[in-house]
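Below is one structure, written out as structure tokens, with a few remarks after it.
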Number of protein chains: 2
Amino acid sequence: MNSNSSSSPKVPIPTLERLATYLRFLIDLEAAQVETISSTDVEKQTGINAAQFRKDLSYFGEFGKPGVGYNVLELQARIARILKIDQLQPIMVIGAGNLGSALIGYPGLTEHKFHIAAAFDRDPAKIGRPQGDLVILNEADVREVNAEIGARIAIICVPAAAAQEVADTAILAGVRVILNFAPIILKVPERIVVRNVSFLQELAVLSYHLSGESQK
Amino acid sequence: MNSNSSSSPKVPIPTLERLATYLRFLIDLEAAQVETISSTDVEKQTGINAAQFRKDLSYFGEFGKPGVGYNVLELQARIARILKIDQLQPIMVIGAGNLGSALIGYPGLTEHKFHIAAAFDRDPAKIGRPQGDLVILNEADVREVNAEIGARIAIICVPAAAAQEVADTAILAGVRVILNFAPIILKVPERIVVRNVSFLQELAVLSYHLSGESQK
DNA sequence: TGGAACCTGTGATGAAATTCACAATCGCTT
DNA sequence: AAGCGATTGTGAATTTCATCACAGGTTCCA
């Protein structure tokens, strides 16, 4: 449904998803100068069950002190480590339309050590245009450019019709994981991990929930 | 983690998520002039398990003919009906930054009968600015404007610091479900359904999967 | 030093989602 | 009209995920 799993063994995907939430939360705590936090506090402030939090962490080792809790800075560092965002992670964005542009300008990415190293489009009108700190490059040069920047993450923001082709190109260029915004299911080799983001899907689920109360 | 469930009884959330995928797929099939499809074909073309597809549909009734399969047009219509997107669904967007603008300009929304009826921001420099077919309105007027347009879906695209406040306002204005792009966990009443979209979370999961072969 | 108040990490339990597997049905062909 | 291959819908089995509940640590304070 979402990821071509494979990869590491026993860690549930939902756990990984929550790790990112924890990280974000810990960064906020740091900003608020909180030094230590217990799983109970996490539950109070995020709504995530305390046992869940502890179990999620337990997949990766021991992080807390009984009777005390977790050191905010240390936990933050260790989660970043687990997620491999403890150092700058280069990313390529393919498709510089509205969405691609929004991503390029999104400050949260840098905060979390993601770095958009290159952006591509196939529209001659866009190629060469400056966009944030970048210049839009020709989609045809993905492979060549990536030999330089070594991005292993690609974000695909092109229309559905072009997405498969673009994904193939990215994979040839050495990309290992793909965040796909196009509303199609990409066919990729086993070893490649894909995650799909679909606004439409999210909206559809929400729309469904409008049901209940209309006739109540 | 994602939705404040409540609402209707026995339908699994993952099933709802897939329904939107099926709908998309069926629209593509229609374009390709396919009239009938079997669950096996669905599995071949989307990677979603055939039994899964059948079970998902079974929550809502019977849709197919044994020995034959499903009528593409009919199934399409019925799924749209289930998701309540068989007629135009008004939506409000709060926050007209890069992301909000991208959504306003996203053609896929209209295709699926979602209609952005109003967009708001609190930045005086943005208020009054035309954006696509809309003019950005003052965030302070959310309630008043929604008395007119009657949106029950809100999309929140403001920075984390403003998101909770904006959500409260939207709820007061009659919104029932929220698509939240801000990286915080919103506190909302039981009856309100929230879904969170986080690029960072998605990227983090992908980044994690880069593990194995980096030393190749 | 001892005990009360807190906490973590985790095995056991429970709930939810996915997949299996098969009886029932359909349409085609002979 | 009867048999066959294809396909659905669904109870049951399986797998995955979430929660419970508690044995051990840790701190603080008297």
Side-chain angles (χ1 to χ4, degrees), chain A residues 1-19 21-22 26 29 34-72 74-75 78-79 82 201 205, chain B residues 1-22 26 29 34-72 74-75 78-79 82 185 201 205:
Chain A
M1 151 227 23
N2 231 351
S3 68
N4 297 34
S5 53
S6 68
S7 204
S8 290
K10 311 248 74 182
V11 184
I13 304 276
T15 290
L16 293 175
E17 295 177 354
R18 283 187 296 269
L19 282 184
T21 304
Y22 302 152
L26 289 165
L29 285 181
V34 177
E35 288 185 1
T36 295
I37 189 154
S38 72
S39 60
T40 319
D41 294 337
V42 171
E43 174 161 355
K44 274 186 210 129
Q45 295 183 52
T46 69
I48 295 171
N49 179 289
Q52 177 94 79
F53 176 79
R54 296 199 300 275
K55 175 145 290 208
D56 283 343
L57 294 179
S58 78
Y59 291 108
F60 304 98
E62 310 200 347
F63 297 79
K65 242 193 241 172
V68 181
Y70 302 83
N71 178 282
V72 169
E74 188 200 323
L75 187 54
R78 293 187 64 179
I79 292 180
I82 290 166
Q201 187 170 292
V205 174
Chain B
M1 154 227 17
N2 232 352
S3 68
N4 297 34
S5 55
S6 72
S7 203
S8 288
K10 312 245 72 175
V11 183
I13 303 277
T15 290
L16 293 175
E17 294 176 355
R18 283 186 296 268
L19 282 185
T21 304
Y22 302 151
L26 289 166
L29 285 181
V34 177
E35 287 183 4
T36 295
I37 187 149
S38 72
S39 60
T40 319
D41 294 338
V42 171
E43 173 160 354
K44 272 184 211 131
Q45 295 184 50
T46 69
I48 295 172
N49 179 288
Q52 177 95 79
F53 177 78
R54 298 199 300 276
K55 176 146 293 222
D56 283 344
L57 294 179
S58 78
Y59 291 108
F60 304 97
E62 309 201 346
F63 296 79
K65 244 192 242 177
V68 181
Y70 302 82
N71 178 284
V72 169
E74 188 201 322
L75 188 55
R78 293 187 62 180
I79 292 179
I82 292 165
I185 294 171
Q201 188 171 292
V205 174

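Bear in mind that the values here come from a model prediction, so they are computed numbers and not experimental data. We name chains A, B, ... by the order of the sequence lines, and we start the count at 1 in each one.
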Strictly under 3.5 Å: I want the nitrogen or oxygen pairs between protein and nucleotides 13-16 of chain D, one per line.
none

Distance in angstrom units between Arg54(B) CZ and dA23(C) C1', rounded:
13 Å
Does Ser39(B) make a side-chain N or O approach to OP1 or OP2 of dT7(D) shorter than 4.0 Å?
no
Please tell me if Tyr70(A) has a side-chain N or O lying less than 4.0 Å from either OP1 or OP2 of dC6(C).
no
Does any part of the side chain of Asn71(B), heavy atoms only, come nearer than 4.5 Å to the side chain of Ile37(B), both counted from C-beta?
no
Rounded to the nearest 0.5 Å, how far does CD1 of Ile79(B) lie from OG1 of Thr21(B)?
10.0 Å
Is any side-chain heavy atom of Leu26(A) closer than 4.5 Å to a side-chain heavy atom of Val34(A)?
no
Taking CD1 from Ile13(A) and C1' from dA18(D), how many angstroms apart are they, rounded to a whole number?
16 Å
Hey, which sits more toward the 5' end of DNA chain D by its nearest nucleotide, Thr15(A) or Phe53(B)?
Phe53(B)
Over all atoms of both residues, closest heavy-atom pair of Ser39(A) and Ala50(A):
O-CB, 3.5 Å
Rounded to the nearest angstrom, tell me the gap between atom CD in Glu17(B) and atom P in dA17(C).
10 Å
Looking at Asn49(B), does any N or O in its side chain come under 4.0 Å of the phosphate oxygens OP1/OP2 on dA17(C)?
no
Filter on side chain to side chain donor-acceptor pair (under 3.5 Å), then keep only pairs touching residues 41-50 of chain B, sequence neighbours left out; what's left?
Ser38(B)-Asp41(B)
Which residue pairs pass the side chain to side chain donor-acceptor pair (under 3.5 Å) test with at least one member in residues 55-64 of chain B, sequence neighbours excluded?
Thr15(B)-Asp56(B), Arg18(B)-Asp56(B), Tyr22(B)-Asp56(B)
Starting at atom CD of Gln52(B), determine the distance to atom C1' of dG11(D), rounded to an integer number of angstrom.
16 Å
Could you run down the sub-3.5 Å N/O contacts of the protein with nucleotides 25-28 of chain D?
from, atom 1, to, atom 2, distance (Å)
dG25(D), N2, Gly67(A), N, 3.2
dT26(D), O4', Pro66(A), O, 3.0

Counterpart residues, ring-ring contact (aromatic ring centres under 6.0 Å, His included), relative to Tyr70(A) (two or more places apart)
Phe53(A)
Starting at NZ of Lys55(A) and ending at C1' of dA21(D), how long is that distance when rounded to a whole Å?
12 Å
Nearest-neighbour nucleotide for the Ser38(B) side chain, dT8(C), dT18(C), dT7(D) considered:
dT7(D)
From CD of Glu43(B) across to C1' of dT19(C) the rounded distance in Å is 10 Å
For Leu57(B) and Phe63(B), the nearest pair of non-hydrogen atoms, with its separation, is O-CE1, 3.2 Å
Interatomic distance, Leu16(B) CG vs dT18(C) P [rounded to whole Å]:
11 Å
State, yes or no, whether a side-chain contact exists between Leu19(A) and Phe60(A) at a heavy-atom distance under 4.5 Å.
yes
Contact residues, residues 56-64 of chain B to DNA chain D [heavy atom, < 4.0 Å]
Ser58(B), Glu62(B), Phe63(B), Gly64(B)
For the pair made of NZ in Lys10(B) and P in dG11(D), what is the distance, rounded to whole Å?
13 Å
Any side-chain heavy-atom pair of Glu35(B) and Val72(B) under 4.5 Å:
no
Tell me whether the side-chain N/O atoms of Arg18(A) come closer than 4.0 Å to OP1 or OP2 in dA18(D).
yes
